[in-house]
Structure formats: structure tokens, C-alpha cells
Amino acid sequence: MDKILIVDDNQAVLDALSLLLEIHGYEVVTALSPFDAEQIVRYQKVALVMQDMNFTADTTSGEEGVALFTALRALTPTLPIILMTAWTELETAIELVKLGAADYIAKPWDDTKLLTSITNLVALGKANAQNQTHQRQQQERMQPKKHANLVGLVYASTAMERVVDMSLQLAKSDVSVLITGPNGSGKERIAEIIQANSAVCDAPFIKVNAGALPQELIEAELFGAEAGAYTGANKKRIGRFEAADGGTLFLDEIGNLPLSGQMKLLRVLQTGEFERLGSTHTQKVSVRVISATNANLQHDIQAGRFREDLYYRLNVIELNLPPLQARQDDIIPLIRHFLPDRELSYVAEQALTAHSWPGNVRELENACKRVSVLKPAGVLEIQDFGLVEQTTRVASQTTAHKVEPSKQDIEAAMHLHQGVIAKVARQFGLTRQALYRRLQKFEIDY
């Protein structure tokens, strides 16, 4: 039951309003003075305050009401306050509304109008408090990232936030990490975040595409070779493990490494020891290994294409990076990053968000590069991106069935859904980020 505080020095007013509100399901608490009102707000959970503008006999200036309003606002900034005024105080009440008072009513009041105003303001107050809590929680979640090096990663989705949080946690350790996910989803960028926030951030960070290594040169590439070790080896060659000593080695596309290379890799992961090709001298290195793959290694193990013992050496902790289609809230922020200072039409924004992006962030980046060359100026429409038929269908459906919401539409929906962003966004078929941009554009508090 919502609690309403009524502040007035006239007991008859308190009794009349208390009876009206209690009949309509509200819990009522009353105060005869500003001091009592402040104590109630300080120690009780109040959904709304109704306050008079004067509390001393023969006083009509409204100064006492202004002082109480200021004190209550300082205690609880989101608390809705309705001012009860006489005509002589109307100008002062209007000034307070400009400063944040929720509403004012003239004495004597209209019961129906008063109850409608209270219902709306209580709902709005809950929504504001919920949004404030959400913002505080968001700030708390972002606090660990405040001083983190995210190496330019652009994201807005909850799914990516979880991946980044886990990456920053893993950066503090030296365990092996396996990053899984489809091609183009950003696995290398996550590896860079782990390295950049680790204790060895200033040490070497060596990247190698394991699947692109020629089978006959795998050993030389990873472990080095002495001069004359094979045809064409005219001088000593430093391998990737030796180059990464004291730092991090990123093995991309590890699922494509042939079995012969997997066996050689397993030994150095187990012992930290290896010999250069053509040498009998054993070297020892300290290297953190981060690997990545778009393959299903469990399936490859069952098919005999990947060593199970190597899998468990690489996969102390697995980070799974979802495809772009599964983190739609990242799409528009990424487009704005790749195409700064360019404007997207509403239809284009909806269609681009709905597109499946099978090539993930890499496909999105290439589409943006193409647009910047072919249409260097003007509002960007969906056809400018040259995407597949699926997106064109979505765009036509968006045009036929969706209209850009006005400020009044959004304000009404915010009131209807009590400020719950997810519900309002769903009503208009927008992502949360798209709705936030419109709230900022129309200067709507949320």
C-alpha cells in the first residue's frame, strides 16, 4: 500500500484528505508542522507528499512552504510533492513547479482531479526511483571498468558486458584462456583486453594464426630454428614462444592446427620447455597462452581431429563470445563508431538491428566502410548498406507498420509502463539503446 504524507496546520484539512485517500486504498500519515514532515520523510518510506504553503497563523507569503519543499527535495530528490495553495500563493507554487514540484492544487480541491493526479504521480515516482536504482547499479557495474583498458572495444549489450567483466577478472591471473565464438565476433579484441589489463601488459603480446601455419614449418614458426635446420634456413630463427617469453601468446584458429602441431604444442604447455628445430639445447619460457577458435572442439575431439589432453591444457577457462545477432544492442553503437557524425534513418536503424549479420562485427565494419565510400554525405538509408534480401524485407515491413514515435508517444508509454525501459522499447519495436537516444533527443527524464 502506497503511503502519502499530508502536511497542513489545519486539522480539518488533514481529516478530509485522509478520509478521501484511505477510501481509495492509500495509507495516510499526517503532519501539522514542517519539522514533523521532515522527520517522517527522513525515517519512513513515503510515496508522495501533499503540503500546504503556510503553517503559521495570519501568514500568506508561502515562504514556509518554499522552505519545506526545499528541505524535502534535499532529503529525497525523486519524491513527488503536490503543493496545496490559495490564490494568493499561486505564483509561488508555479515557481516551485518549475523547480521540480510535481503539481499544485488550489483549495478547495476537486476530488476526482486530485485522485487522478495522485495516481499518476505515485506511479511516476516509482518509475523515477526504479530508474535511479538502475543507474546506480549501472555505475557500480561500470566502476571496475573505469580505469580498465578496453582497447577501443565498443559495446552496449548485457551479453558483451558479461564477457568484458569476465575478461577483466581473468586478466588478473595467468591461467590459459580459450575464447570461442563465430568468425568476426571480436575474439582477438577480447584477447587484447586480457593482455592489456594483466600484470604483463608491457611484456610481449605475440599473435599467430595457428591454422595458417604451413604443416612443414609449424615447429620452426612456434619454436624457432637454427641456421641450416631446413632448406632455406640461412640464419637462426626466433620462434613465437621464445618471442613471447615473459608475456602472452595468442593462438588464433587453434582448431585448425594439425595433429602433428598439436602434439608439439602440448609439450611446451605442460613443461614450458622446447628445442629450436636443428638444436639439442632445451630452452624454458614463461608464456601465458590465450587461444581462440570458431570450431566445436568437443566435436573435433570425438572425430579424432583434436587432442583431448591439449584441449584441457588450453581450456582452463572458456570465454564464449556470442554472435552479433545475439547482442543487437551493440549494432547501432558500432555503426556510429564506424560512421561517426552520420545520421541513420529510422527505417535503416530498425532494419540494421534486425539483420542477422552472419559475418558479425567484421561484416558490419565492412558494410560501414562501403557506405562511407559510396555515400559520403546525407542521411543513410537501408539500401545504402547493400545488404541481403532479408534486411530489405524487414525494412519494408518497418515502413509499412512502424511510425517514428513522437515525444508525446514516448512520454505516454513511459507513464503507462512506469518508466520500465525494456517495456517501452518493446512497445515501439526499438532496442533499449535506440530508446535511450530518443529520450535524450526529446529531453525526457528517465
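Here the structure is a predicted model, which is why all the values come from computation and not from measurement.
Annotation for L5 and V7: closest pair CG-CG2, 3.7 Å, computed over non-hydrogen atoms. Looking at every heavy atom in both residues, L257 comes nearest to Q262 through O-NE2, 2.7 Å. Across E381 and A348, no two heavy atoms sit closer than the pair C-CB, 3.8 Å. Closest approach of E253 and A210 over heavy atoms only: O-CB, 4.0 Å. Residues E242 and V285 approach most closely at CA-CG1, 4.2 Å, considering heavy atoms. Scanning all heavy atoms of the two residues, the minimum distance from G255 to F306 falls at CA-CE1, 4.2 Å.
The closest donor-acceptor contact from the side chain of N360 to the backbone of L324 lies under 3.5 Å. Panel note: side chain D165, backbone R162; no donor-acceptor pair is recorded below 3.5 Å. Between the side chain of W357 and the backbone N or O of Q328 there is no donor-acceptor pair closer than 3.5 Å. Side-chain atoms of T76 do not come within 3.5 Å of backbone N or O of T78 as any donor-acceptor pair. Proximity of a side-chain donor or acceptor of D384 to a complementary backbone N or O of V371 within less than 3.5 Å is not detected.
Distance CG/N320 to OG1/T180: 4.0 Å, rounded to 0.5 Å. Atom OG in S176 sits 9.5 Å away from atom CD1 in I317 (nearest 0.5 Å). Note that CG of L48 is 8.5 Å distant from CD1 of I81, once rounded to the nearest 0.5 Å. Atom CG of D329 is separated from atom CD of E161 by 11.0 Å, given to the nearest 0.5 angstrom. Remark: E318 CD to M166 CE distance equals 11.0 Å, nearest 0.5 Å. The line from CZ of R370 to NZ of K375 is 14.0 Å long, rounded to the nearest 0.5 Å.
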side-chain contact (heavy atoms from CB on, under 4.5 Å), that's the test. Do I301 and Y311 meet it? Break it down for me.
CA-CA 8 Å; I301 289 171; Y311 172 77; 3.7 Å; yes
List the steps and the verdict of side-chain contact (heavy atoms from CB on, under 4.5 Å) for I82 and Q51.
CA-CA 6 Å; I82 297 178; Q51 67 153 85; over 6 Å; no
Under the side-chain contact (heavy atoms from CB on, under 4.5 Å) criterion, do L319 and L170 qualify, and how do the steps go?
CA-CA 10 Å; L319 268 178; L170 294 176; 3.8 Å; yes
Decide yes or no on side-chain contact (heavy atoms from CB on, under 4.5 Å) for I254 and L265, but give the supporting numbers first.
CA-CA 11 Å; I254 191 67; L265 177 59; 3.8 Å; yes
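Residues R307 and R313 have side chains not in contact (no heavy-atom distance under 4.5 Å, counting atoms from C-beta outward). At least one side-chain heavy atom of E363 sits under 4.5 Å from a side-chain heavy atom of H355. In this structure, the side chains of V379 and L344 stay at 4.5 Å or more apart for every pair of heavy atoms. Taking 4.5 Å as the limit, some side-chain heavy atom of V361 sits within range of a side-chain heavy atom of F338. For the pair L334 and Y155, the minimum side-chain heavy-atom distance is 4.5 Å or more. Looking at R336 and R342, their side chains never come closer than 4.5 Å, going by heavy atoms from C-beta outward. Side-chain contact between V49 and L79 is present, with heavy atoms from C-beta onward closer than 4.5 Å. D409 has its side chain within reach of F428: a pair of non-hydrogen atoms, C-beta onward, lies under 4.5 Å apart.
Between F223 and F241, the two ring planes are parallel [angle under 30°; tilted spans 30° to 60°].
The list of salt bridge (Lys or Arg N to Asp or Glu O under 4.0 Å) pairs with a residue in residues 119-134, not counting sequence neighbours, reads D2-K126.
Looking at residues two or more places apart in sequence or on another chain, you find a side chain to side chain contact (heavy atoms under 4.5 Å, CB included) between A434 and E349, L430, T431, R437, R438. With sequence neighbours excluded, no residue forms a ring-ring contact (aromatic ring centres under 6.0 Å, His included) with F69. In this structure, F35 has no ring-ring contact (aromatic ring centres under 6.0 Å, His included) partners at least two apart in sequence or on a different chain. For R305, the salt bridge (charged side-chain N to carboxylate O under 4.0 Å, His left out) partners two or more places apart in sequence, or in a different chain, are D300.
Between R288 and D174 there is no salt bridge, since no side-chain N of the basic residue sits under 4.0 Å from a carboxylate O of the acidic one. Between D330 and R327, at least one side-chain N (NZ, or NE/NH1/NH2) sits under 4.0 Å from a carboxylate O, which counts as a salt bridge. Using a cutoff of 4.0 Å between basic side-chain nitrogens and carboxylate oxygens, E443 and K407 are not scored as salt-bridged.
Atom NZ of K441 sits in a sparse spot, with 12 or fewer heavy atoms from other residues, nucleotides or ligands closer than 6.0 Å.
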Tabulate below the donor-acceptor pairs under 3.5 Å that side-chain atoms of residues 186-205 make, not counting sequence neighbours, or state none.
unit_1	atom_1	unit_2	atom_2	d
K187	NZ	G181	O	3.1
K187	NZ	P182	O	3.0
E188	OE2	K207	NZ	2.8
R189	NE	E192	OE1	3.3
R189	NH1	V151	O	3.2
E192	OE2	K207	NZ	2.6
Q195	OE1	T248	OG1	2.6
Q195	NE2	V200	O	3.0
Q195	NE2	A203	O	3.4
N197	OD1	N149	N	2.8
N197	ND2	N149	O	2.8
N197	ND2	I193	O	2.8
S198	OG	Q195	O	2.7
S198	OG	V200	N	3.3

